[in-house]
Amino acid sequence: MKNITLLIIKPNAVKKHVIGDIIQKLENDKFEVLAIKSFVMTEAIADKFYEMHKGKSFFPKLVDFMTNGLSIAIILKKSNAVLDLRNFIGSTDPQSASKGSIRALYGDDITRNAVHASDSDENVLREIPILFSDEELGNNKIKL
Ligand code: ADP
Ligand code: MG
């Protein structure tokens, strides 16, 4: 399972019209797209997806941001996918994200940081089924 991960292009990046650019950069870096969908995150999904952050001061702001606009979810394949994608997107705060990373390029602030990437194999397994149905995964022959 170490070769699959999840990326979300968050609403601020979708509004900047950089979906294509982000996917191109991923493909140039040898990530393979296994599945892709657009969706608007509901409060119920946000509650589940970000359950480890419930009770933190930034949680209401995070949910408000994520539920107000279109997002793109992408299942990606590459060897060492989880770590590679985390390096590719840069650190949580765009101000300190490494030069050329997605968050440095397209993040607006620590909340509106352009993209999400799973941080462990365990979270890949937790997060993907929140966003993709069994049917969507099965149709794409994705085995978690
Ligand atoms: P990451 O997305 O890098 O894994 P976290 O899991 O810690 O970061 O946080 C989830 C998301 O919550 C971040 O991507 C960001 O949108 C938001 N967030 C995290 N920390 C803060 C903070 N201190 N202030 C505002 N928003 C935050
Ligand atoms: Mg995280």
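Remember, it's 1-based here, ligands and their atoms both numbered in the order they're listed.
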For this session: Begin from the C-alpha positions of Asp64 and Lys61 and carry the test salt bridge (charged side-chain N to carboxylate O under 4.0 Å, His left out) through to its verdict.
Result: CA-CA 5 Å; Asp64 183 59; Lys61 209 170 149 188; over 6 Å; no
For this session: Would you sort out whether Asp119 and Arg86 count as a salt bridge (charged side-chain N to carboxylate O under 4.0 Å, His left out), showing the intermediate values?
Result: CA-CA 7 Å; Asp119 66 0; Arg86 291 289 294 195; 5.2 Å; no
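Taking a 6.0 Å sphere around NZ of Lys37, one finds it holds more than 12 heavy atoms contributed by other residues, nucleotides or ligands. Around CG of Asp134, the count of heavy atoms belonging to other residues, nucleotides or ligands within 6.0 Å does not exceed 12.
Between His116 and Tyr50, the two ring planes are perpendicular [angle over 60°; tilted spans 30° to 60°].
The side-chain contact (heavy atoms from CB on, under 4.5 Å) with Ile75 is formed by just one residue from the set Leu144, Val124, Leu137, Asn140; it is Leu137.
Protein residues are said to neighbour a ligand when one of their heavy atoms lies under 4.0 Å from it; for ligand 1 these are Lys10, Tyr50, His53, Phe58, Leu62, Arg86, Thr92, Arg103, Ile110, Thr111, Asn113.
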